[in-house]
Amino acid sequence: MFCTLSTRLLNICIASFCKARQLQKAEAVIIDGIRLGVLPDVVTYNTLVDAYCRFVGIDAAYSVLHRMREAGISPDVITYNSLIAAATRKCLITRSLEFFNEMFQMGIPPDVWSYNILMHCFFKSGQPEEAYGVFLDIINLSNLSPSPATFNIMINGLCKNGCTHGALKLFRYLQSLGFVPHIVTYNVLINGLCKSGWLGKAMEILEELRESGNMPNAVTYTTIMKCCFRSRSFRSRNGSRNYERGLEIFSEMKSKGYTFDAFAYCTVVGALVRRGRIEEASDYMKQMMRKGIALDIVSYNTLINLYCREGNLEATYKLLDEMEERGLECDKYTHTILIDGLCKAGNIEAACRHLEYMNMMGSGSNLVAINCVIDGLCKAGEIDKAMKMFKTIKLKDSFTYSSMVLNLCRAGRFHTASKLLLSCLRGGMGILRSARKAVLDGLRSSGFTGEARKLKSKIRLAQILRY
DNA sequence: ATAGGGTTAG
C-alpha cells in the first residue's frame, strides 16, 4: 500500500518534469526513487516514452522500451499507442505500421485507439483506401467497437483526401443509425465542405449544428470566416459580399469572446493583407498583441508577411532574430513568405540565395517558393533565367504553368507560351483562365489566327481526355 | 494516449 502510494507520487513528479520538458530531471528522479525503494511502474515509463516522443524523437523514445524491460516492466498498449501517434504526427506510415505489428507480435492486443491512430496515419499519408481498410477492421473485429474519434478521423480523412461527398454520406449514414454528432464532428465536416468550396452546404450543416442544441465554437467560426474570405473571385459581387460577411463574423467572434487565441486574428490579417488592406491588418495585429496573445510560429509568419507587404524588410529581419532568440524554428511558410517578400521588394538575388539556402538545409523542395522566384525573375525582366529554372524543376503545378505562361505572353512570346499551356493541360492540370486567354488573344493579335484556332481545338481535346 | 480552426505564390 505504501509502495503504491509512493509510486503514484513518483509518477506525478515525473509527469510534471516531463511537461516542463526536463527529461534529464525526470530520469534522475526515477533513479533516486529506485535507490529509496520506490519502484517505477508502467505508468512511469509510459509518461517518459510519450515525453521523448514529443520533445526528443521516436528513436530516443523507443530506446526507453529496452530500459523498461530491463527494469522488469513490460510495455503495454498505451506505450505503443504513444509511439504510433508520434510516427503519425511525423507522417511516418511505415514506422507506424512497424510499431503496430511489433505490438501484435509481443502479444499486446491493439485497442481502438491504436486502430484510430493508424487509420489517421494512412489518411495523412494520402492512402484513403488503406485507411478505409482499417476502418472496416474496427467495425468488423469482434473485440473492437468504434469510438466517436473513429468517425471524426474518418470524416476528416475523407475530406482531406478529396472525398467530401463520401464524408457527407458517412455523416448522414451515421445520423440514420442514431449517432449524435459531437461539435468536433460538425467542425470537421464544415471544414471539409468549406475547403471544397461548398459554402452553402457548410452553412446548412452549421444550421443543423445549432438545431442540434450544440453551440458553434471558436473553431466553427474561424472555419466559416476563412471560407468567406476565400470564396470566389473578389471581383464578383457574391465574392465581395462574402468577404464583408467574413469581416462581420470576426466582429461577432470578438464580441462573443472567441478571439482568445491567434487563430482568428491570423485568418483576418492574412485575408486583409492579401487584399492590400495593410493598415487594417496592421491594426488587428497590434490589437492581438495588446491582448497579450503570445506569438506562435503562424503569428510570426502572418506578421512577417504583413511587414514584407509594407516593404519593411528591416522589421522583418528583426522579427526573425526575435524568433531565433525564442528558439522558434522557421517553417516552410516563413521561408516562402520571405522569398516572396524579397522578390516583391526587387531583391531577386537575395531571394535566389535564400531559396538555395533552403535547399541546402534539406527542408524538402518548396514549390511555392520556387514559383515565387520564377514569377519574380519574370517581373524583373529576367525571363530567360526564369525559363531555365522552370525547365530544371521536375514537379510543376498549375501555379508554375499559369505564371510562366502569363509572363511569356507579357513578353510577346506566344508560341512558347502556347507549348507550355498544352503541356500543362496534358499533364492533367488546370490553368488560369486569364493565362489561356492571354495566349489565344496574343496569337490572334500578332497575326497567327490559324495557330490560335488550332490551339483552341487542342485545348478542348486535352480537356476531354482528362475525363 | 487518438480526432477539428489560422500563415505562402499566378
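Excluded from the calculations below are hydrogen atoms, water molecules and symmetry mates; all remaining heavy atoms, backbone and side chain alike, are included. In what follows, chains carry the letters A, B, and so on, assigned in the order in which the sequence lines appear, proteins first and then strands, with residues in each chain numbered from 1.
- Considering only side-chain N and O atoms, A:N191 lies under 4.0 angstrom from the phosphate OP1 or OP2 of B:dG5.
- Rounding to whole angstrom units, CG of residue A:L406 and C1' of B:dG10 are separated by 7 Å.
- In this structure, the side chain of A:S402 does not engage the main chain of A:F399 through any donor-acceptor pair within 3.5 Å.
- Within the nucleic acid shown, A:A218 comes within 4.0 Å of at least one base atom, counting heavy atoms only.
- Taking the charged nitrogens against the carboxylate oxygens, A:R277 and A:D283 have no contact shorter than 4.0 Å, which rules out a salt bridge.
- Across B:dT2, B:dG6, B:dG5, the shortest atom-to-atom separation from the side chain of A:V298 is found for B:dG6.
- The CG atom of A:N81 sits 11 Å away from the P atom of B:dA1 (whole-angstrom rounding).
- Rounded to whole Å, the distance from CZ on A:R274 to C1' on B:dG6 is 11 Å.
- Side-chain N/O atoms of A:T302 and base N/O atoms of B:dT7 include no donor-acceptor pair closer than 3.5 Å.
- Counting any heavy atom pair closer than 4.0 Å across all strands shown, A:K195 reaches sugar-phosphate atoms only and no base atom.
- Atom CD1 in A:I153 sits roughly 5 Å away from atom C1' in B:dT2 (whole-Å rounding).
- The base of B:dG5 does not come close enough to the side chain of A:T220 for any donor and acceptor atom to sit less than 3.5 Å apart.
- A cation-pi arrangement is absent between A:R274 and A:F229 under the rule of less than 6.0 angstrom and at most 45 degrees off the ring axis.
- Rounded to an integer number of Å, the gap from A:I155 CD1 to B:dG5 P is 14 Å.
- Atom C1' of nucleotide B:dA1 and atom CD1 of A:I58 are separated by 15 Å, given to the nearest angstrom.
- A:R309 comes within 4.0 angstrom of sugar-phosphate atoms only, judged by non-hydrogen atoms across all strands, and of no base.
- In this structure, A:I183 reaches the bases: a heavy-atom distance under 4.0 Å links it to at least one base atom across the strands shown.
- For A:K226 and B:dG5, the shortest distance from a side-chain N or O to OP1 or OP2 is not below 4.0 Å.
- Listed pair A:K344 / B:dG10 meets the phosphate criterion, a side-chain N or O lying under 4.0 Å from OP1 or OP2.
- When the nucleotides B:dA1, B:dT2, B:dT7 are ranked by their closest atom to the side chain of A:I78, B:dA1 comes out on top.
- Considering only the side chain of A:W113, B:dT2 comes nearest among B:dT2, B:dA3, B:dG6.
- Side-chain atoms of A:N407 and base atoms of B:dG10 include no donor and acceptor less than 3.5 Å apart.
- Within the nucleic acid shown, A:N46 has no heavy atom closer than 4.0 Å to any nucleic acid atom.
- Checked by distance alone, A:N217 brings no side-chain donor or acceptor within 3.5 Å of a matching partner on the base of B:dG5.
- With contacts defined as side-chain heavy-atom distances shorter than 4.5 Å, the pair A:M154/A:L158 qualifies.
- At a threshold of 4.0 angstrom between heavy atoms, the contacts of A:T79 with the nucleic acid are absent.
- Between A:R353 and A:M358 the shortest side-chain heavy-atom distance does not fall below 4.5 Å.
- Nucleic acid contact class of A:D50 (heavy atoms, under 4.0 Å, all strands): none.
- Among the atoms of the strands shown, none is found under 4.0 Å from any heavy atom of A:D76.
- Closest to the A:F399 side chain, of the nucleotides B:dA1, B:dA9, B:dT7, is B:dA9.
- Here A:N305 reaches the OP1 or OP2 of B:dT8: one of its side-chain N or O atoms lies under 4.0 Å away.
- Note on A:C372: only backbone sugar-phosphate atoms sit closer than 4.0 angstrom, heavy atoms only; bases stay farther off.
- Counting to the nearest Å, the P atom of B:dA1 and the NZ atom of A:K19 are 11 Å from each other.
- When distances are taken from the side chain of A:N152 to each of B:dA9, B:dG6, B:dA3, the shortest belongs to B:dA3.
- Two rings, from A:Y115 and A:F100, have their centers less than 6.0 Å apart.
- For the side chain to side chain contact (heavy atoms under 4.5 Å, CB included) with A:I383, the qualifying choice from A:L377, A:L408, A:T416 is A:L408, the only one to do so.
- Residue contacts for A:V368: at a heavy-atom cut-off of 4.0 Å it reaches a base atom on one of the strands shown.
- A:V188 is linked by a side chain to side chain contact (heavy atoms under 4.5 Å, CB included) to A:I155, A:N156, A:V184, counting only residues two or more places apart in sequence or in another chain.
- In this model, the phosphate group of B:dA9 is not approached by any side-chain N or O of A:K332 to a distance below 4.0 Å at OP1 or OP2.
- Contact annotation: side chain of A:T222 to base of B:dG5, donor-acceptor pair present below 3.5 Å.
- Distance from the side chain of A:S299 is smallest for B:dG6 among the nucleotides B:dG6, B:dT8, B:dT2.
- Closest approach to the A:L432 side chain among B:dG6, B:dT7, B:dG10 is made by B:dG10 (side chain taken as heavy atoms from C-beta onward).
- Of the candidate nucleotides B:dT2, B:dG5, B:dT7, B:dG5 has the atom nearest to the side chain of A:F263.
- Note on A:R230: a side-chain N or O is less than 4.0 Å away from OP1 or OP2 of B:dT8.
- Of the candidates B:dG5, B:dG6, B:dA3, B:dG5 carries the atom nearest the A:T223 side chain, counting heavy atoms from C-beta on.
- In this structure, A:R275 places its CZ atom 18 Å from C1' of B:dA9, rounding to the nearest Å.
- Closest to the side chain of A:T267, from the set B:dG6, B:dG5, B:dA9, is B:dG6.
- Looking at heavy-atom distances under 4.0 Å, A:R54 makes contact with sugar-phosphate atoms alone, never a base.
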